[in-house]
Protein chains: 2
Amino acid sequence: MEQETRLSTEPTTPEAAPATPGTVRPGGRTAKVRAAVLEATQDALVEQGFHALNMDRVAAAAGVGKTTVYRRWGSPIGLITDLLHDMAEQSLPAADTGDLEGDLRANALLVLKTLTDPRMGPVFQAVIASAACDEECATALNGFYTTRLREWAPAVARSVARGEIPAGTDATEVLRAVSAPLYYRFAVSREPLAPADAERAVAVALAGARAGAFR
Amino acid sequence: MEQETRLSTEPTTPEAAPATPGTVRPGGRTAKVRAAVLEATQDALVEQGFHALNMDRVAAAAGVGKTTVYRRWGSPIGLITDLLHDMAEQSLPAADTGDLEGDLRANALLVLKTLTDPRMGPVFQAVIASAACDEECATALNGFYTTRLREWAPAVARSVARGEIPAGTDATEVLRAVSAPLYYRFAVSREPLAPADAERAVAVALAGARAGAFR
DNA sequence: TAGTTAATGGAACAGGAGACCCGTTTGAGC
DNA sequence: GCTCAAACGGGTCTCCTGTTCCATTAACTA
């Protein structure tokens with residue numbers, strides 16, 4: 001977020017106050033406050049959605065002073081951006097089933113499970129909406145998916161090595177092709193998501209990969 | 001132009017006040033006001049984005065009383081929802097190039113052009129964010145894409161009739177497969193969109209269709 | 001063309017989000 | 001343990017958002 005709107009003073013002077021609270025003493029209380037606030041943010045998103053996300057309510061639910069929430073996160077979008085950074089840190093290991101179809105299916109089902117999860121669904125909804133409002137949040141979201149792609153790319157690379165799909169296939173594009181139809185339904189066309197959608201996404205991506213459409 | 005989304009009061013009583021302004025006398029001034037407000041809404045989205053969309057500023061830019069804007073649209077999301085209804089009414093005829101690949105390419109390039117358009121891009125960004133916040137807007141967005149799918153489905157049906165792809169292929173799923181990667185980049189992973197992305201989307205959807213992945 | 005009233009618009013009002021001040025708590029280094 | 005200042009938290013204030021009231025304008029109907 002942009003808390004630096006307030007600090008117009010150059011931090012050249014030695015006695016300049018710290019630009020971002022929570023960076024000098026990240027231990028103990030500061031960490032507890034962050035955990036409580038992000039938890040309360042998630043709760044609020046699940047219960048009322050992005051539009052109703054409110055700094056005062058989050059502060060109250062987290063048992064934290066609202067001044068603190070304003071100072072450290074600045075705005076609801078700041079909260080969501082930090083939540084996104086937190087999510088990006090939690091890495092799940094990618095699958096390795098032995099063939100591409102199995103790996104892609106595992107990936108598709110993971111995405112499906114995440115988006116239809118009663119807790120993660122609203123969070124992703126909010127994250128996507130926030131990214132549409134704020135460039136910094138958009139960058140964080142982009143980084144989140146970049147990380148995920150990097151984790152799963154080896155699955156496609158192994159498939160190329162096995163000769164299942166043509167050499168020169170762009171691994172990340174294959175993975176994007178698996179996720180895209182699910183996210184499209186979830187965030188854009190607002191249609192219900194079912195396991196059949198995951199299966200179809202896998203089948204189409206696989207057909208495309210075999211046909212060399214990702215080179 | 002269906003603003004009657006807000007009228008929950010039954011108009012049974014004769015003396016009942018008009019539930020929704022603009023429905024009894026839609027001509028002349030009322031229509032002009034709507035056009036000016038929607039235009040100003042678009043301008044605001046292009047210049048400052050969804051997050052900065054503000055009823056007062058829209059009213060001022062449209063040269064309209066802010067009372068009117070609040071009364072007829074209620075909130076920024078109400079503005080965007082109406083804008084969406086307005087967009088849904090403007091129908092572009094689908095292509096008919098003679099083969100499926102040509103039709104799908106025309107569709108993909110249309111989507112690409114829309115999303116990268118300096119005016120329509122921010123509007124779609126806002127519409128997607130609004131739909132994440134508001135159920136009524138989500139329904140309107142879903143309706144928008146349902147209309148578009150209905151317009152383009154014949155292209156796929158013709159291809160089935162020509163024997164290019166298997167009988168029983170779900171026409172709308174093929175079209176969704178073309179749009180999904182583009183919208184995914186645009187709204188979710190926030191990656192730049194290029195013509196190559198449209199080409200890839202067509203190639204993958206086509207490979208999937210030929211392999212029978214959409215049956 | 002005249003009458004009725006739907007719809008608009010200006011202005012004043014109320015409520016709440018967000019910023020600021022300053023005393024209190026507590027993490028980090030010795 | 002002790003010290004210092006980073007970070008927190010309660011209270012207060014201000015400005016902006018959204019509402020209400022009522023006079024004015026101009027669509028529809030006869």
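Protein chains get the first letters and strands the later ones, always in sequence-line order, with residue 1 at the start of each.
Dashed line: the shortest gap from a side-chain N or O of A:Y70 to OP1 or OP2 of C:dA19 is not under 4.0 Å. Between B:R72 and C:dT8, a side-chain N or O to OP1/OP2 separation shorter than 4.0 Å is present. OP1 or OP2 of D:dG9 lies within a sub-4.0 Å distance of a side-chain N or O belonging to A:T68.
For the helix from C:dT1-D:dA30 to C:dC30-D:dG1, the terminal axes (five pairs an end, C1' atoms, rotation from four pairs onto the next four) enclose an angle of 60°, given to 10 degrees.
No close placement of the B:Y184 and A:F186 rings is indicated, their centers lying 6.0 Å or farther apart.
A donor-acceptor contact closer than 3.5 angstrom is absent between the side chains of B:R72 and B:T68. Judged by distance alone, the side chains of B:D103 and B:T97 do bring a donor and an acceptor atom under 3.5 Å apart.
The aromatic rings of A:F124 and A:Y145 lie tilted to each other, with the angle between the two planes from 30° to 60°.
Taking the charged nitrogens against the carboxylate oxygens, B:R190 and A:E136 have no contact shorter than 4.0 Å, which rules out a salt bridge. A salt bridge links A:E39 with A:R119: the distance from a Lys NZ or Arg NE/NH1/NH2 to an Asp or Glu carboxylate oxygen falls below 4.0 Å.
One interatomic measurement links the two molecules: CZ of A:R34 to C1' of D:dC8, which rounds to 17 Å at whole-angstrom precision.
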>> Across nucleotides 10-16 of chain C, 5' to 3', mark each nucleotide with B, S or - according to how protein heavy atoms within less than 4.0 Å reach it.
In response: BB-----

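Counting only heavy atoms from C-beta outward, the side chains of B:T41 and B:V37 approach each other to under 4.5 Å.
Here the side chain of A:R29 is nearest to one of D:dT17, D:dA7, C:dT8, namely D:dA7.
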